[in-house]
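Heads up, the thing below is written out as structure tokens.
The model shown is predicted, which means the values in this text are computed figures rather than measured ones. When a residue number appears, it is its place in the shown sequence, counting from 1.
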Amino acid sequence: MRQLAGDVRGRIVACLMVTALFVVPMAASRSRASAVDPDDRIAAGAGFTCAIKTDDTVWCWGRNDQGQLGSSDHSGLTESLLPVRAGVFGYGAVAAPTKVVAGTEHACVLTSAGTVWCWGRNGSGQVGVAGSNQSNPVQVAVGGTVIQLAAGGSNTCAVLSDNSMRCWGQNNFGQLGIGSSDTSAHYTPEGVLGIPASF
């Protein structure tokens, strides 16, 4: 009986080792998001996710009721269970997406040229352009070269190369840093006030 139990344990261990040898590399080979600076190349919103692939294309999956997938080609989908390519950005061959961020129902990309492109829900101005929800990426007129980008629930903020900061979107709790709070949509990036010189 002991010999049989030992034999069974030995076979189970051998099977697990063989499984690990074959399953782990296969799973790893399917990963298409860049391993370079991975913290900046994938972002999850509420019910959707976007990632920058190694060829610098942007892919999104999940909910699309507010245009979260980033392409009007997918406007008939309320959701996508598999990654689909976001719309073509206008940054051209001289720039590539370096960072993607996501709010509750919108997403934005920072490019190597320091430009910002956003899409999705725009009810509070979080996409950074006037008007309704944006199914395709639109460029935000930030007013300078952006070096850092972050998104909150319904707002977005950027740090510029001169160390100034601009935010847009919802401001009901003062999240734009403009010295006041209100319930209006802030479609245009506004300068954050009172940032210490050490910032």
Side-chain angles (χ1 to χ4, degrees), residues 30-64 66-71 74 80 82-122 124-129 133-170 175-177 186-192 195 199:
R30 286 195 302 257
S31 174
R32 296 181 188 266
S34 174
V36 179
D37 203 8
D39 291 339
D40 289 341
R41 295 183 74 92
I42 187 166
F48 78 104
T49 305
C50 293
I52 303 171
K53 201 174 148 186
T54 52
D55 65 359
D56 293 329
T57 56
V58 178
W59 294 71
C60 300
W61 57 96
R63 289 182 63 181
N64 192 42
Q66 306 295 323
Q68 298 96 312
L69 297 182
S71 174
H74 313 301
S80 178
L82 296 172
V84 294
R85 186 170 176 178
V88 176
F89 297 84
Y91 43 69
V94 296
T98 58
K99 179 174 185 169
V100 60
V101 298
T104 303
E105 296 174 310
H106 79 289
C108 300
V109 160
L110 171 62
T111 74
S112 57
T115 59
V116 175
W117 299 75
C118 299
W119 64 91
R121 182 173 173 80
N122 196 37
S124 298
Q126 59 266 50
V127 172
V129 296
N133 298 348
Q134 299 294 315
S135 296
N136 294 306
V138 291
Q139 186 172 3
V140 182
V142 183
T145 302
V146 176
I147 58 173
Q148 284 293 332
L149 187 66
S154 295
N155 68 299
T156 313
C157 291
V159 178
L160 278 61
S161 56
D162 62 1
N163 286 335
S164 66
M165 190 170 181
R166 293 180 173 269
C167 295
W168 57 96
Q170 192 173 49
Q175 53 266 57
L176 300 187
H186 291 254
Y187 297 106
T188 304
E190 300 180 48
V192 177
I195 296 177
F199 179 79

query = If you take all heavy atoms of K53 and W59, which pair is closest and at what distance?
reply = CD-NE1, 3.5 Å

key: Single hit among L69, V101, V100 for side-chain contact (heavy atoms from CB on, under 4.5 Å) with C50   = V100

inquiry  = Can you list everything that forms a side chain to side chain donor-acceptor pair (under 3.5 Å) with H74? Sequence neighbours excluded, please.
reply    = none

request  = Check A86 against S71 and note the closest heavy-atom contact, atom names and distance.
outcome  = C-CB, 4.0 Å

note = Closest non-hydrogen contact found for G103 with F48 is O-CE2, 3.9 Å

ask   = Among pairs that include at least one residue of residues 96-112, which meet salt bridge (Lys or Arg N to Asp or Glu O under 4.0 Å), considering only residues two or more places apart or in two chains?
value = D40-K99, R63-E105, E105-R121

message = For the backbone of V127 and the side chain of N122, can you confirm whether one donor and one acceptor N or O come within less than 3.5 Å of each other?
response = yes

ask   = Looking only at heavy atoms, what is the nearest atom pair of G70 and P137, with distance?
value = O-CD, 3.3 Å

query = Are P189 and V140 close enough that some pair of their side-chain heavy atoms sits under 4.5 Å apart?
reply = yes

ask   = Is a side-chain donor or acceptor of S124 paired with a backbone partner of G169 at a separation under 3.5 angstrom?
value = no

message = By the salt bridge (Lys or Arg N to Asp or Glu O under 4.0 Å) test, which pairs, at least two apart or in different chains, include something from residues 147-169?
response = none

ask   = Hey, are the side chains of L149 and C108 touching, using non-hydrogen atoms and a 4.5 Å cut-off?
value = yes

inquiry  = Under the rule for side chain to side chain donor-acceptor pair (under 3.5 Å), what residues qualify as partners of W61, not counting sequence neighbours?
reply    = none

ask   = Of I195, L160, L176, V146, which is the lone residue that meets side-chain contact (heavy atoms from CB on, under 4.5 Å) with M165?
value = I195

ask   = Which residues satisfy the side chain to side chain donor-acceptor pair (under 3.5 Å) test with N133, sequence neighbours excluded?
value = Q66

Table please: side-chain donor-acceptor pairs of residues 152-159 below 3.5 Å, with sequence neighbours left out.
{"unit_1": "T156", "atom_1": "OG1", "unit_2": "H106", "atom_2": "NE2", "d": "2.8"}
{"unit_1": "T156", "atom_1": "OG1", "unit_2": "Q126", "atom_2": "O", "d": "2.9"}

message = If I take atom CD1 from residue I52 and atom CD1 from residue I42, how far apart are they, to the nearest 0.5 angstrom?
response = 10.0 Å

message = By the salt bridge (Lys or Arg N to Asp or Glu O under 4.0 Å) test, which pairs, at least two apart or in different chains, include something from residues 136-159?
response = none

message = Which heavy atom of V116 sits nearest to which heavy atom of W168, and what is that distance?
response = CG1-CZ2, 4.3 Å

inquiry  = Distance check, rounded to the nearest 0.5 Å: R85 atom CZ versus C60 atom SG?
reply    = 11.5 Å

query = Can you name the residues that form a side chain to side chain donor-acceptor pair (under 3.5 Å) with S161, not counting sequence neighbours?
reply = none

